[in-house]
Amino acid sequence: MTGRQEPYYVDYDADFGLSGLAEAFTLSPAPEDTGAALALVTAKLDAYDRECPVGSVDHLSADERSILGYDTSHDDWGYAEELREDVRGLVESPLADEAIRAVWRAAAGGGWDPAAHGMSARDWLRRIDETCAARPPRKVPGRRPAPGSWWGAWRPTADEVRDDVVAEIAGIAEAAETRSCRERSTGFLPSPDILAALEEVAVRVHPELGFRLFLRALKVYSVRMEKARYDRFQALGERFGHPAALIDLGLDIAWPPIDTARRDATWDFGFSHLAGQAHQDWRESREEIRKTAAGDDFGQTPGSAAAVLLEDTLRLLRSALPDAAVTALWTGASNSPGRTDGRDWLRLIADVCRERLREAAPAYTPIVAPARTELADTVLREVRETAPAVADKAASPHWHPVPATDVMDALEHVVTRIDPDLGFRLFLRVLITLSVPLTREQYDRYRAIGERFGYGEYHVSDVDHLIEAG
């Protein structure tokens with residue numbers, strides 16, 4: 001690994017390089033011979049070449065692409081080059097061949113052992129490298145297949161993160177010393193020799209490669225992962241620029257019980273999030289609700305999105321809010337054509353959420369926790385301060401207009417009589433749909449309120465584009 005430091009804009013949202021190839025071996029029958037094994041390598045490269053970009057930089061000018069490090073016409077850095085970089089790092093390393101073999105077998109599930117076919121581990125890696133080298137460069141406009149993070153972010157140097165990777169491997173090694181294996185339901189721990197070899201990769205080759213191969217081994221061995229360790233893995237992956245899916249998919253996580261009071265969503269959530277997903281082409285059907293109800297964020301206990309959406313919905317259903325006010329509230333927060341069946345809409349949402357929870361968390365019993373009322377007056381002041389600025393506006397003005405005054409009245413009802421938290425989240429949505437200009441001072445107050453409610457890092461920033469310059 002050379003530890004390239006250029007910024008990335010477009011994410012490749014799956015495992016990649018040698019760890020991604022190892023995953024392909026775990027998902028396929030064991031090759032009968034070297035030719036079949038190399039055919040799997042070729043199939044993996046072909047599959048990548050057929051993939052569409054996760055994102056696009058088509059909207060960027062040639063100059064902007066150049067500044068970000070993109071060739072304006074094609075991308076010579078394909079999956080094969082990522083794989084070759086990993087392979088060369090191991091082949092040229094001081095690691096013993098047996099250590100490389102142990103790492104490969106652990107990551108690939110043991111189905112293909114080069115030694116059983118008359119090859120050393122380095123010989124096997126060289127054959128992979130030759131297969132990659134024979135392929136022509138992949139040409140896709142503006143595409144970077146390398147792992148991506150936030151636009152303009154930089155990957156850490158090896159020295160900055162090596163100790164953290166080694167500490168995580170050592171934590172599993174410590175468990176392996178005291179308990180050689182677990183019940184099949186929680187998987188087996190990798191052997192101390194495998195973990196020692198993975199630590200060598202992190203120390204003597206590159207911590208990023210060591211981390212990916214370590215994750216792959218944990219998935220192969222179905223090691224049950226406590227939530228705290230999983231969170232540390234995600235934090236490490238974020239520093240490397242890995243997509244969350246690379247950490248999450250295939251990892252056996254011991255999730256804590258669903259808790260609707262736990263604010264672990266990065267962005268909006270619940271009823272306000274559902275409203276934010278609506279658009280003019282929405283048909284407001286079960287399928288559209290289900291997309292939000294099933295949209296658990298990475299790091300959330302399965303079923304969490306449905307649980308918080310159900311709780312919000314039940315609060316509204318059980319309130320004294322008139323049907324017309326429910327319709328005004330939805331229209332104001334979603335800016336989609338207004339519904340006239342108020343509570344029937346809420347009942348449909350609740351029904352879909354319960355359906356999702358029966359699948360994802362059958363042991364969960366939905367409850368409506370007492371509302372947090374300590375911020376009611378603070379939120380109410382913000383709603384009332386904004387009301388005069390939108391008095392002449394309407395939500396969904398081009399389809400079924402609803403006076404903004406009706407929307408603000410419904411918001412006041414939610415804040416004062418149902419739940420200030422839900423009211424504030426819907427208020428943020430209304431600001432967006434009505435394009436309400438904000439001062440920096442207002443935005444800072446909203447951020448402070450969001451922090452007190454425990455909102456995620458980017459929740460309130462949904463409205464930062466409304467801040468007026470000056």
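All residue numbers refer to positions in the sequence shown, counting from 1.
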Any sub-3.5 Å donor-acceptor pair from Arg343's side-chain atoms to Val326's backbone N or O?
no
On a heavy-atom basis, which atom in Phe233 and which in Met225 lie closest, and how many Å separate them?
CE2-SD, 3.9 Å
Could you tell me which residues satisfy ring pair (Phe, Tyr, Trp, His ring centres under 6.0 Å) with Tyr364, sequence neighbours excluded, listed by chain and number?
none
With sequence neighbours excluded, what pairs up with Phe427 under the ring pair (Phe, Tyr, Trp, His ring centres under 6.0 Å) test?
Tyr446
Sorted by chain and number, sequence neighbours left out, salt bridge (Lys or Arg N to Asp or Glu O under 4.0 Å) with Arg417 holds for none
Quick one about Glu385 and Gln442 (side-chain donor to acceptor, distance below 3.5 Å, no hydrogens or angles considered), yes or no?
yes
Drop me the distance from Ser304's OG to Asp264's CG, to the nearest 0.5 angstrom.
5.5 Å
Under the 3.5 angstrom rule, does the side chain of Lys219 hit a backbone N or O of Leu249 as a donor-acceptor pair?
yes
Can you tell me how far CG of Asp312 sits from CG of Leu346, rounded to the nearest 0.5 angstrom?
10.5 Å
Which pairs, with at least one residue in residues 390-413 and sequence neighbours excluded, count as a salt bridge (charged side-chain N to carboxylate O under 4.0 Å, His left out)?
Arg384-Glu412
Smallest heavy-atom separation, Ala394 atom then Leu434 atom, equals O-CD2, 3.8 Å
I'd like to know if Arg290 pairs up with Glu287 as an ion pair, taking the criterion as any Lys NZ or Arg NE/NH1/NH2 lying under 4.0 Å from an Asp or Glu carboxylate oxygen.
no
Return each pair, listed once, that meets salt bridge (charged side-chain N to carboxylate O under 4.0 Å, His left out) where at least one residue sits in residues 361-372; pairs must be two or more places apart or across chains.
Arg372-Glu374
Applying salt bridge (Lys or Arg N to Asp or Glu O under 4.0 Å) to Arg239 and Glu160, what does each step give before you reach the verdict?
CA-CA 10 Å; Arg239 292 172 68 186; Glu160 289 174 320; 6.0 Å; no
Beyond-backbone contact of Pro437 with Leu466, side-chain heavy atoms, under 4.5 angstrom
no
Flag the pair Lys227 / Thr301 as yes when at least one side-chain heavy-atom distance between them is below 4.5 Å, and no otherwise.
no
Atom pair CG (Leu422) and CZ (Phe271), whose distance is rounded to the nearest 0.5 Å
7.5 Å
Taking 4.0 angstrom as the limit, do Glu355 and Arg286 come out as a salt bridge?
yes
Just jot down the side chain to side chain contact (heavy atoms under 4.5 Å, CB included) partners of Ser272, sequence neighbours excluded, or say none.
Asp268, Arg425, Leu426, Arg429
Audit row: Asp46, Arg135, salt bridge (Lys or Arg N to Asp or Glu O under 4.0 Å) steps and yes/no:
CA-CA 10 Å; Asp46 288 344; Arg135 297 179 69 84; 2.8 Å; yes
N/O donor-acceptor pair under 3.5 Å between Thr433 side chain and Val430 backbone:
yes
Test item: Phe214 and Val165 side chains (from C-beta on) under 4.5 Å apart, heavy atoms
no
Is the Phe211 ring parallel, tilted or perpendicular to the His242 ring (thresholds 30°, 60°)?
parallel
Could you tell me which residues satisfy side chain to side chain contact (heavy atoms under 4.5 Å, CB included) with Ala244, sequence neighbours excluded, listed by chain and number?
Gln234, Phe298
For Ala235, check side chain to side chain contact (heavy atoms under 4.5 Å, CB included) against everything at least two apart and list the hits.
none
Begin with the C-alpha distance, continue with both residues' side-chain angles, and end with the deciding distance and a verdict on side-chain contact (heavy atoms from CB on, under 4.5 Å) for Lys44 and Phe25.
CA-CA 10 Å; Lys44 178 66 177 177; Phe25 273 76; over 6 Å; no
Restricting to non-hydrogen atoms, name the atom on Ser19 and the atom on Asp86 that form the minimum distance, rounded to 0.1 Å.
N-OD2, 4.5 Å
Would you find a donor on one side and an acceptor on the other, under 3.5 Å apart, between the side chain of Glu382 and the backbone of Val379?
no
Main-chain N/O of Asp297 paired to Gln300 side chain as donor or acceptor, under 3.5 Å:
yes
Working note: Arg447 + Asp444, criterion salt bridge (Lys or Arg N to Asp or Glu O under 4.0 Å); need CA distance, chi angles, decisive distance, verdict.
CA-CA 5 Å; Arg447 288 284 299 238; Asp444 289 344; over 6 Å; no
I need the His413 NE2 to Leu316 CG distance, nearest 0.5 Å.
9.0 Å
Here the pair of heavy atoms bringing Ile418 nearest to Ala371 is O-CB, 3.4 Å
Quick check for you: to the nearest 0.5 Å, what is the distance between Thr327 atom OG1 and Leu329 atom CG?
9.5 Å
For Phe453, all residues meeting ring pair (Phe, Tyr, Trp, His ring centres under 6.0 Å), sequence neighbours excluded:
Tyr455
Just by modelled atom types, is the Ala369 backbone N or O under 3.5 Å from a matching donor or acceptor in the Arg315 side chain?
yes
Let's go through Val460 and Ile449 carefully: what are the C-alpha distance in whole Å and the side-chain angles of both, what is the deciding distance for side-chain contact (heavy atoms from CB on, under 4.5 Å) to 0.1 Å, and is it a yes or a no?
CA-CA 9 Å; Val460 178; Ile449 293 171; over 6 Å; no
Mind checking whether Leu251 and Arg224 have side chains closer than 4.5 Å, heavy atoms only?
no
Quick one: list whatever passes salt bridge (Lys or Arg N to Asp or Glu O under 4.0 Å) with Arg356, sequence neighbours left out.
Asp296
Measuring only between side-chain heavy atoms, which start at C-beta, is Phe424 closer than 4.5 Å to Val415?
no
Could you tell me which residues satisfy salt bridge (Lys or Arg N to Asp or Glu O under 4.0 Å) with Arg354, sequence neighbours excluded, listed by chain and number?
none
Can you tell me how far CZ of Arg452 sits from OG1 of Thr378, rounded to the nearest 0.5 angstrom?
5.5 Å
Between Trp267 and His459, does a side-chain contact (heavy atoms from CB on, under 4.5 Å) hold up when you go through it step by step?
CA-CA 4 Å; Trp267 303 87; His459 189 149; 5.7 Å; no
Given Ile349 and Trp345, is the side-chain contact (heavy atoms from CB on, under 4.5 Å) satisfied, shown in steps?
CA-CA 6 Å; Ile349 296 171; Trp345 173 231; 3.7 Å; yes
Measure the shortest side-chain to side-chain distance between Phe16 and Leu83 over non-hydrogen atoms and say whether it is less than 4.5 angstrom.
no
Using the side chain to side chain contact (heavy atoms under 4.5 Å, CB included) criterion, which residues pair with Ser28? Sequence neighbours excluded.
Leu40
Please report the closest heavy-atom contact between Pro366 and Leu357, naming both atoms and the distance.
CG-CD1, 4.5 Å
With no hydrogens and no angle check, do the side chains of Asp252 and Ser222 hold a donor and an acceptor under 3.5 Å apart?
no
Do the non-hydrogen side-chain atoms of Ile247 and Glu238 ever get within less than 4.5 Å of each other?
no
No-hydrogen, no-angle side-chain donor-acceptor test under 3.5 Å, Thr260 and Glu311:
yes
If you take all heavy atoms of Ile258 and Pro302, which pair is closest and at what distance?
CD1-O, 3.6 Å
Would a 4.5 Å heavy-atom cut-off, applied to side chains only, mark Ile467 and Thr439 as touching?
no
